[in-house]
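Single-structure report; data block below.
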Amino acid sequence: MKYLIASALIAGSLVVGPTDAAALSTREDCEMASVAQVEELFAGFNAAWATKDPQTVTDLFAPEAVLLATVSNTPRTTPEAVKDYFVGFLKNSPVGKIDTSTTTVGCNIATRVGTWTVSLTNPTTKAVSNVKARYSFIYRHGRDGWKIAHLHSSVMPEPVS
């Protein structure tokens with residue numbers, strides 16, 4: 001059974017916890033993403049949102065991923081639960097724009113943390129609201145390429161001008 005990559009940014013260092021031992025066993029098993037590749041992963045995520053297809057978005061997540069979404073109190077820890085979240089959320093035609101970003105890469109793991117603005121369009125009134133939030137994306141590389149292992153987004157706690 002695979003273990004979810006546990007990672008944290010501590011004093012600017014990337015700490016990687018238990019993972020699939022075979023994935024880290026040899027140098028040739030080590031995939032290092034560039035900052036540009038991490039940017040492309042986010043662009044792909046935003047493009048998947050634009051499809052309004054919950055399965056397209058869910059396919060970007062690893063099977064054991066954790067989604068801690070901005071507008072849900074429920075941690076999503078299965079592909080079915082992740083998809084369920086996007087069934088409702090995508091009705092608001094979300095568009096994400098990165099405002100600040102710090103990217104860290106390591107062997108088979110990449111993190112991108114910072115702030116973003118998510119524009120949501122009310123499907124009935126067509127009114128657009130901009131949600132300022134913090135985000136953390138943790139990507140891991142495996143047999144299926146780069147996947148989202150963890151996504152956390154939360155509304156900024158203080159007013160943003």
Side-chain angles (χ1 to χ4, degrees), residues 2-9 14 16-17 19-20 22-24 28-72 74-123 128-156:
K2 290 185 178 182
Y3 294 93
L4 176 64
I5 293 175
S7 68
L9 293 173
L14 179 67
V16 178
T19 188
D20 183 5
L24 297 178
E28 53 268 6
D29 290 343
C30 186
E31 183 71 27
M32 299 286 287
S34 67
V35 173
Q37 284 175 305
V38 174
E39 182 68 33
E40 289 172 16
L41 291 169
F42 177 76
F45 179 75
N46 221 11
W49 273 4
T51 70
K52 295 188 180 182
D53 177 14
Q55 189 60 55
T56 298
V57 179
T58 302
D59 289 344
L60 299 176
F61 286 79
E64 68 279 1
V66 175
L67 169 63
L68 301 174
T70 310
V71 294
S72 175
T74 304
R76 310 300 174 128
T77 58
T78 66
E80 297 77 21
V82 170
K83 183 177 179 180
D84 176 68
Y85 173 76
F86 287 113
V87 166
F89 183 71
L90 293 177
K91 292 177 182 174
N92 297 301
S93 304
V95 177
K97 179 186 150 296
I98 299 295
D99 298 320
T100 67
S101 177
T102 301
T103 301
T104 305
V105 297
C107 183
N108 297 324
I109 190 166
T111 65
R112 185 177 193 177
V113 300
T115 59
W116 64 345
T117 302
V118 178
S119 298
L120 303 171
T121 302
N122 181 300
V128 176
S129 60
N130 292 315
V131 179
K132 299 282 189 180
R134 301 169 288 189
Y135 68 86
S136 301
F137 281 89
I138 300 174
Y139 301 97
R140 72 163 174 74
H141 190 271
R143 283 183 221 101
D144 296 329
W146 288 100
K147 296 287 186 175
I148 299 168
H150 177 81
L151 170 55
H152 175 239
S153 179
S154 58
V155 174
M156 297 291 254

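In this text the structure is predicted, and so the values were computed from the model without any measurement.
Take Tyr85 and apply the ring pair (Phe, Tyr, Trp, His ring centres under 6.0 Å) test, not counting sequence neighbours, and it matches Phe89. Every residue two or more places apart in sequence or in another chain that forms a side chain to side chain contact (heavy atoms under 4.5 Å, CB included) with Thr103 is listed here: Val35, Val38, Ser101, Val105, Arg112. Remark: Glu40 pairs with no residue by the side chain to side chain donor-acceptor pair (under 3.5 Å) rule, at least two apart or across chains.
For Thr117 and Asn130, the side-chain atoms include no donor-acceptor pair closer than 3.5 Å. A donor atom on one side chain and an acceptor atom on the other are found under 3.5 Å apart for Lys52 and Ser93.
A donor-acceptor pair under 3.5 Å links the side-chain atoms of Gln37 to the main chain of Ser34, judged by distance alone. Side-chain atoms of Asn108 never come within 3.5 Å of backbone atoms of Arg140 as a donor-acceptor pair (strictly under, hydrogens ignored). For the pair Thr100 (side chain) and Thr115 (backbone), a donor-acceptor distance under 3.5 Å is present.
Classification of the Trp116-Trp49 ring pair by plane angle, with boundaries at 30° and 60°, yields tilted. The aromatic rings of Trp146 and His141 lie perpendicular to each other, with more than 60° between the two planes, well past the 30° mark.
Closest non-hydrogen pair, Ala149 versus Ala62, comes out as CA-CB, 4.5 Å. In terms of heavy-atom proximity, Leu120 sits nearest to Pro94 at CD2-CB, 3.7 Å. The two atoms that bring Leu60 and Gly44 nearest to each other are CD1-O, 4.0 Å, heavy atoms only. A pairwise comparison of heavy atoms in Phe42 and Tyr139 identifies N-OH, 3.9 Å as the closest pair. In plain terms, the two heavy atoms of Ser154 and Thr70 that are nearest each other are N-OG1, 4.1 Å.
Just one residue in the list His150, Arg76, Lys83 forms a side-chain contact (heavy atoms from CB on, under 4.5 Å) with Leu67, and that residue is Arg76. For the side chain to side chain donor-acceptor pair (under 3.5 Å) criterion with Thr56, the lone passing option out of Thr58, Asp59, Asp53 is Asp53.
Using a 4.5 Å cut-off on side-chain heavy atoms (C-beta onward), Leu90 and Val57 make contact.
If you take OG on Ser153 and CZ on Arg134, they are separated by 9.0 Å, rounding to the nearest 0.5 Å. Rounded to the nearest 0.5 angstrom, Thr51 OG1 and Asn46 CG are separated by 11.0 Å. From Tyr135, atom OH reaches atom CG of Leu151 across 10.5 Å, with rounding to the nearest 0.5 Å. We find the CZ-CZ distance between Phe45 and Phe61 to be 5.0 Å, quoted to the nearest 0.5 Å. Within the model, atoms CG of Asn92 and OG1 of Thr121 stand 8.0 Å from one another, a figure rounded to the nearest 0.5 Å.
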